[in-house]
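Heads up, the thing below is written out as structure tokens.
Quick caveat, the model's predicted, so the values are computed rather than measured. The first residue of the sequence shown is numbered 1, and numbering continues consecutively from there.
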Amino acid sequence: MPEVKCPTLQNILAGTDCMEDFGGLGSIVYVFVKSDLKAPLTRNDNEWSTPEFQEGKGLYKFECKEDSQGIVGSSQGYRGGFKQQLDFVLEAVNKDSSKVARALNNLDCGYIVKDGEVSQIVYHPDRKFVYEADGISADTGKAPEDDRQVNLSGTLKNVFYPNMFVKEPEEGWDSMLASAVQASEPGE
């Protein structure tokens, strides 16, 4: 059983922190199927290890609507841990986005989103990220000026921190795309 570390308080002072703290996350969301991992990620405080995938498997890249991605971490009460909510928007309602919505609704996935110079992750090896009723909604719009988009909002409950981070590979997340791995396999 891993060692249980109690949280440590530390100062958070405006004079020692960069003043910019921009809202929102990057417009790219990377998704992976947890069963495609070679082994579950390991955690050191609030940072997970870099994912390693089984042969031929990897990340899936979603280019999302600008300024529409966010993670909200909220307390579940005294010693109850946290709940993380991830929201993102796909700017298409078509055959592909419909298939992806169904896959995300049913598969056990993890999510990685760039947050400036670091990456946040919504993942737990033993708990499932869930889209509750109406957590995925595809909207074609009604008028020509309306947006056609798929809105996704799901939660991961019972985690230790309101925000979790993941160690990024030196080559960047695109180097771990399933499509890049499959394209480099011999005989293809």
Side-chain angles (χ1 to χ4, degrees), residues 17-36 48 51 53 57-76 82-124 127-159 161-166 168-169 171-183:
D17 197 11
C18 183
M19 296 308 286
E20 291 88 11
D21 196 13
F22 300 116
L25 299 174
S27 61
I28 296 174
V29 175
Y30 295 94
V31 180
F32 60 93
V33 179
K34 288 170 34 179
S35 62
D36 289 348
W48 290 101
F53 293 97
K57 305 293 183 177
L59 297 170
Y60 297 90
K61 180 178 182 177
F62 299 159
E63 293 179 347
C64 299
K65 184 175 183 177
E66 198 70 36
D67 300 328
S68 297
Q69 289 58 248
I71 295 173
V72 175
S74 56
S75 171
Q76 294 192 299
F82 292 87
K83 172 178 76 171
Q84 294 175 322
Q85 177 180 319
L86 171 64
D87 299 313
F88 61 104
V89 178
L90 303 176
E91 290 188 284
V93 176
N94 56 33
K95 287 181 182 180
D96 292 336
S97 67
S98 182
K99 289 177 185 178
V100 164
R102 182 173 185 227
L104 293 175
N105 196 46
N106 293 301
L107 295 173
D108 191 5
C109 295
Y111 299 81
I112 298 171
V113 188
K114 288 289 290 181
D115 184 9
E117 298 298 316
V118 297
S119 293
Q120 289 203 38
I121 187 170
V122 180
Y123 163 85
H124 192 283
R127 301 194 183 281
K128 186 174 180 180
F129 180 89
V130 176
Y131 295 98
E132 300 291 345
D134 298 323
I136 300 175
S137 62
D139 186 350
T140 62
K142 295 178 180 83
E145 63 274 6
D146 291 344
D147 290 333
R148 292 175 60 96
Q149 59 191 25
V150 179
N151 298 292
L152 298 106
S153 180
T155 56
L156 177 63
K157 296 179 182 177
N158 300 328
V159 295
Y161 296 91
N163 300 88
M164 295 293 296
F165 299 85
V166 61
E168 189 169 335
E171 305 83 20
W173 295 117
D174 282 0
S175 69
M176 300 180 82
L177 293 177
S179 57
V181 172
Q182 293 163 356

Please examine the side chains of [Y] and [X], heavy atoms only from C-beta on, and report whether any two atoms are closer than 4.5 Å.
X: Val150; Y: Glu91; result: no
X: Cys64; Y: Ile28; result: no
X: Tyr30; Y: Tyr60; result: no
X: Phe62; Y: Val113; result: no
X: Asp96; Y: Val100; result: no
X: Val29; Y: Gln69; result: yes
X: Leu90; Y: Leu152; result: yes

Could you grab the distance from atom [atom1] of [X] to atom [atom2] of [Y], nearest 0.5 Å is fine?
X: Asn163; Y: Asp115; atom1: CG; atom2: CG; answer: 8.0 Å
X: Asn105; Y: Tyr131; atom1: CG; atom2: OH; answer: 8.5 Å
X: Leu177; Y: Leu59; atom1: CG; atom2: CG; answer: 6.0 Å
X: Gln84; Y: Leu86; atom1: CD; atom2: CG; answer: 9.0 Å
X: Met164; Y: Ile112; atom1: CE; atom2: CD1; answer: 12.0 Å

* CA sep, side-chain torsions, deciding dist, call: Lys157, Gln76, side-chain hydrogen bond (donor to acceptor under 3.5 Å, both in side chains) -> CA-CA 9 Å; Lys157 296 179 182 177; Gln76 294 192 299; over 6 Å; no
Counting heavy atoms not belonging to [X], are there more than 12 under 6.0 Å from its [atom1]?
X: Asn106; atom1: CG; result: yes
X: Lys61; atom1: NZ; result: yes
X: Glu63; atom1: CD; result: no
X: Glu145; atom1: CD; result: yes

Can you tell whether the side chains of Lys128 and Asp108 come within less than 4.0 Å, N to carboxylate O?
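Looking at Asp108 together with Lys128, the answer is no, because their closest N to O distance does not fall below 4.0 Å.
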*asked:* Any salt bridge linking Asp139 with Arg148? Criterion: basic side-chain nitrogen under 4.0 Å from a carboxylate oxygen.
replied: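 Looking at Arg148 together with Asp139, the answer is no, because their closest N to O distance does not fall below 4.0 Å.
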Looking at [X] and [Y], would you say the former's side chain and the latter's main chain have a donor-acceptor pair under 3.5 Å?
X: Asn94; Y: Ser97; result: yes
X: Lys34; Y: Leu107; result: no
X: Ser137; Y: Asp134; result: no
X: Ser175; Y: Trp173; result: no
X: Ser75; Y: Phe82; result: no

What are the two closest non-hydrogen atoms of [X] and [Y], and how far apart are they?
X: Phe165; Y: Ile121; result: O-CG2, 3.5 Å
X: Lys114; Y: Ser119; result: CD-OG, 3.2 Å
X: His124; Y: Asn158; result: CD2-O, 4.3 Å
X: Ala101; Y: Ile136; result: O-CD1, 3.6 Å
X: Pro51; Y: Met176; result: O-CE, 2.8 Å

* To do: Step by step, work out the side-chain contact (heavy atoms from CB on, under 4.5 Å) result for Arg127 and Val159.
  => CA-CA 9 Å; Arg127 301 194 183 281; Val159 295; 5.6 Å; no
- Query: Does the pair Gln120 and Val118 meet the rule for a side-chain contact (heavy atoms from CB on, under 4.5 Å), with working shown?
  - Reply: CA-CA 7 Å; Gln120 289 203 38; Val118 297; 5.5 Å; no
Check: What's the verdict on ring-ring contact (aromatic ring centres under 6.0 Å, His included) for Trp48 and Tyr123, showing C-alpha distance, side-chain angles and the deciding distance?
Finding: CA-CA 9 Å; Trp48 290 101; Tyr123 163 85; 5.0 Å; yes
For the residue pair Glu132 / Thr155, report whether a side-chain donor-acceptor contact shorter than 3.5 Å exists.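 No, because no side-chain N or O of Thr155 sits under 3.5 Å from a partner of the opposite role on Glu132.
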**Asked** According to the interplanar angle, ranging from 0 to 90°, do the rings of Phe88 and Tyr111 count as parallel (below 30°), tilted (30 to 60°) or perpendicular (above 60°)?
**Response**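 Geometry flag for Tyr111 against Phe88: tilted rings.
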